[in-house]
Amino acid sequence: ELADTPLVIRDLTKSYPGGLTAVRDLSFRVERGQVLGLLGPNGAGKTTTLRMLMGLIQPTEGDITVFGHTISPGAPVLSRIGSFVEGSGFLPHLSGAENLRLYWAATGRPEEQARMAEALEIAGLGDAVHRRVRTYSQGMRQRLAIAQAMLGLPDLLVLDEPTNGLDPPQIHQMREVLRRYAATGRTVLVSSHLLAEVEQTCSHVVVMHRGALVAAGEVGDLVSANGEATFRVDDT
Ligand code: ATP
């Protein structure tokens, strides 16, 4: 059953040298087709969690499994995860499509037209993929960066604050991109420090504070009282 689950995080802890514990006893799981928002203020430990998930740093304790395979630096299962790096340095004088082809070639994988076409379709850039990147809005650049993360159609798409710097219409388009991706039966994990954004873009949410999970559930179960996010949490 673990082998069918895109992501299971168990008792995850990360302490940095010097004694700071950035993530503490974190456990949650994500099912296929979910868009899960990792919500928390700056310093809550979201980036540290995502970096462990991407195999960039090692947990101090606990483990992360993707379809039953344990994540560690260099683990083969990392090829099933697509990750997005903000402002991933596109060449402005090349078109979006040309940038993606260059990136794909640089990863050493054979170009797969069908996958690339599907990723571009989901990213929703339309004919703009043939325009030079220097003509793109911030929202379009961000969607191109997500198209890049989606190129291999990874089972798990991991996005660290993809809506940073976007205006509401651009955030709306981002939501459509993430939903279309999850609707293919793949899974999205996205971090944000804004409750409204998670409410708009995600199906599920894990709320972190000072490294620990404080609430988790379906976004529809989020109850907002006095501007504070609270939850009706079942103790299942
Ligand atoms: P942000 O949105 O600001 O990135 P975050 O929720 O992603 O917030 P993290 O970046 O994971 O939070 O940081 C959690 C805590 O760990 C912070 O107090 C941060 O200063 C600390 N931290 C992060 N990286 C390191 C590091 N390499 N060495 C020491 N402490 C670190």
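As the structure lists them, so they are numbered: ligands from 1, and atoms in each ligand from 1.
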E161 side chain to H193 side chain, donor-acceptor N/O pair below 3.5 angstrom: yes

Heavy-atom donor-acceptor pair, R180 side chain to I122 backbone, under 3.5 Å: yes

Nearest protein heavy atom with distance in Å, relative to atom 2 (O) of ligand 1: N42 OD1, 3.1 Å

Atoms of ligand 1, numbered as shown, that sit under 4.0 Å from any heavy atom of E161: 2 (O)

A44 neighbourhood, listing ligand 1 atoms whose heavy-atom distance to it stays under 4.0 Å: 5 (P), 6 (O), 12 (O)

Closest protein heavy atom to atom 9 (P) of ligand 1, given as residue, atom name and distance to 0.1 Å: T48 OG1, 3.7 Å

Identity and separation of the nearest protein heavy atom to atom 18 (O) of ligand 1: L20 CD2, 3.7 Å

Atom 10 (O) of ligand 1 [closest protein heavy-atom partner, distance rounded to 0.1 Å]: T47 CB, 3.6 Å

Atom 30 (N) of ligand 1: the protein heavy-atom neighbour that sits closest, reported with distance to 0.1 Å: Y16 CD1, 3.2 Å

Ligand 1 versus M208: contacting region, heavy-atom distance under 4.0 Å: neither

Flag, side chain of K46 to backbone of V190, donor-acceptor distance under 3.5 Å: no

Donor-acceptor pair between D160 and T47 side chains, under 3.5 angstrom: yes

Atom indices of ligand 1 within 4.0 angstrom of K46 heavy atoms, with elements: 2 (O), 5 (P), 6 (O), 7 (O), 8 (O), 11 (O), 12 (O)

For A22, the ligand 1 atoms whose distance to one of its heavy atoms is below 4.0 Å: 14 (C), 15 (C), 16 (O)

Nearest non-hydrogen protein atom, atom 14 (C) of ligand 1: G43 O, 3.4 Å

Check: Q138 side chain, L166 main-chain N or O, donor-acceptor pair, under 3.5 Å: no

R175 atom CZ, over 12 foreign heavy atoms within 6.0 Å: yes

Top protein contact for atom 12 (O) of ligand 1, by heavy-atom distance: G45 N, 3.1 Å

Expected output: side-chain S203 to main-chain V35 donor-acceptor under 3.5 Å: yes

Per-residue contact class, P41 against ligand 1 - non-hydrogen pairs under 4.0 Å: backbone

Heavy-atom protein contact below 4.0 Å for atom 20 (O) of ligand 1: no

Spacing of L100 atom CG and L120 atom CG [to the nearest 0.5 Å]: 5.5 Å

Whether T60 side chain and S15 backbone form a donor-acceptor pair below 3.5 Å: yes

